[in-house]
Amino acid sequence: MNEIMRNASGSSSSSLNSSIQDTEDDQTIANILAEEENHNSNNMLGKRLSHLDSIPHTPRINGEIPDVNDATLDHERLSERLATYGLAELQMEGDGNCQFRALADQLFRNPDYHKHVRRQVIKQLKHHKKLYEGHVPMKYKSYLKKMKKSGEWGDHVTLQAAADRFDAKICLVTSFRDTCYIEILPTDKSPTRELWLSFWSEVHYNSLYSSGDVPSRVPRKKYWLF
């Protein structure tokens, strides 16, 4: 909706409406955050999995999507790792917004706030260009324009921007053959929260919980499955 408003001609009233909508969204998010302040499950996950070795995170855009055979093997590897560490996934819809949905679930316990998360990430990328442009192998404006669109897949650059924007350590359990676990830390400050995601390499992100603690929530659309 905001993109449509920005593109409309004679847009002073449209800009005002967009600003009001953003303010209302931010107020709603703030209320949700306040309600969830005492939720400690992610911190418990961090303590239980503190023995996992992490590699330094290098922001990067998405690589090639694996073929069906490789993707199937990757998914099996990820599933085995999650079972080993007593983790379970809350499945996100496979509509191209899965990274932002998973972040929204971890932040606000509601994947439907993915649009807000994407907007905040874009603000971070836009206002702190020097932090990220070296990791983007294309014109930075083109990258931002593409990433603004709903349904555009998030990458490891947007994950770093999310960590910076929300002062969060993003804990990523992956399907990579040689890398089980990646920690994405804020660039210049200490994290105030932990967000736990699974990453089926170049295919899909889900939100992670301890086994048995996954919220009971049915996706409105079918999530990603081969």
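Note that the coordinates shown come from a computational prediction; the quantities given were computed from them, not determined experimentally.
The closest side-chain heavy-atom distance from Asp67 to Asp70 is below 4.5 Å. Glu152 places a side-chain heavy atom less than 4.5 Å from the side chain of Arg118. Looking at heavy atoms from C-beta onward, His156 lies in side-chain contact with Leu172 at the 4.5 angstrom threshold. Residues Tyr140 and Leu125 have side chains in contact (heavy-atom distance under 4.5 Å, counting atoms from C-beta outward). Proximity of Asp112 to Arg101: side-chain heavy atoms (C-beta onward) are separated by under 4.5 Å at one or more points. Residues Phe166 and Leu107 have side chains in contact (heavy-atom distance under 4.5 Å, counting atoms from C-beta outward). For the pair Met147 and Asp155, the minimum side-chain heavy-atom distance is below 4.5 Å.
Donor-acceptor pairing under 3.5 Å is recorded for the side chains of Asn97 and Asp95. Side chains of Glu133 and Tyr143: no donor on one and acceptor on the other come within 3.5 Å.
Below 30°, between 30° and 60°, or above 60°: for His116 and Phe108 the angle between ring planes is above 60°, a perpendicular geometry.
Taken from CZ in Arg81 to OG1 in Thr174, the straight-line distance is 5.0 Å, to the nearest 0.5 Å. Glu89 CD to Ser211 OG: the interatomic distance, rounded to the nearest 0.5 Å, is 10.0 Å. The structure places NZ of Lys126 at 15.0 Å from OH of Tyr132, a figure rounded to the nearest 0.5 Å. Atom CG of Leu195 sits about 5.5 Å away from atom CD of Gln106, to the nearest 0.5 Å. The CG atom of Leu159 sits 7.0 Å away from atom CG of Leu197, with the distance rounded to the nearest 0.5 Å. Taking CZ of Arg119 as the reference point, atom CZ of Phe100 lies at 12.0 Å (rounded to 0.5 Å).
Pairs passing the salt bridge (charged side-chain N to carboxylate O under 4.0 Å, His left out) check and including a residue from residues 158-168, sequence neighbours excluded, read Asp167-Lys189.
Checked by atom type and distance alone, the side chain of Gln99 never pairs as donor or acceptor with a backbone atom of Tyr205 at under 3.5 Å.
When the ring-ring contact (aromatic ring centres under 6.0 Å, His included) test is applied to Phe176, the partners found at least two apart in sequence or on another chain are Phe199. Under the rule for a side-chain hydrogen bond (donor to acceptor under 3.5 Å, both in side chains), Ser175 has no partner lying at least two apart in sequence or in another chain.
The nearest pair of heavy atoms linking Ala168 to Pro186 is O-CD, 3.3 Å. Closest approach of Ala104 to His114, counting heavy atoms only: CB-N, 3.8 Å. Pro191 and Lys169 get closest at one heavy-atom pair: CB-N, 3.5 Å.
Leu185 and Val121 fall into different hydrophobic clusters, where Ile, Leu, Val, Met, Phe, Trp and Tyr side chains are chained together by heavy-atom contacts under 4.5 Å. Both Leu82 and Tyr181 belong to a single network of hydrophobic side chains, linked directly or stepwise wherever heavy atoms of I, L, V, M, F, W or Y lie under 4.5 Å apart. Under the 4.5 Å side-chain heavy-atom criterion for ILVMFWY residues, a single connected hydrophobic cluster contains both Leu131 and Ile122. A single hydrophobic cluster is not seen to contain both Val203 and Leu73; linkage of ILVMFWY side chains at heavy-atom distances under 4.5 Å, directly or through other members, places them apart. A continuous path of hydrophobic side-chain contacts links Val157 to Met138 [ILVMFWY only; heavy atoms under 4.5 Å].
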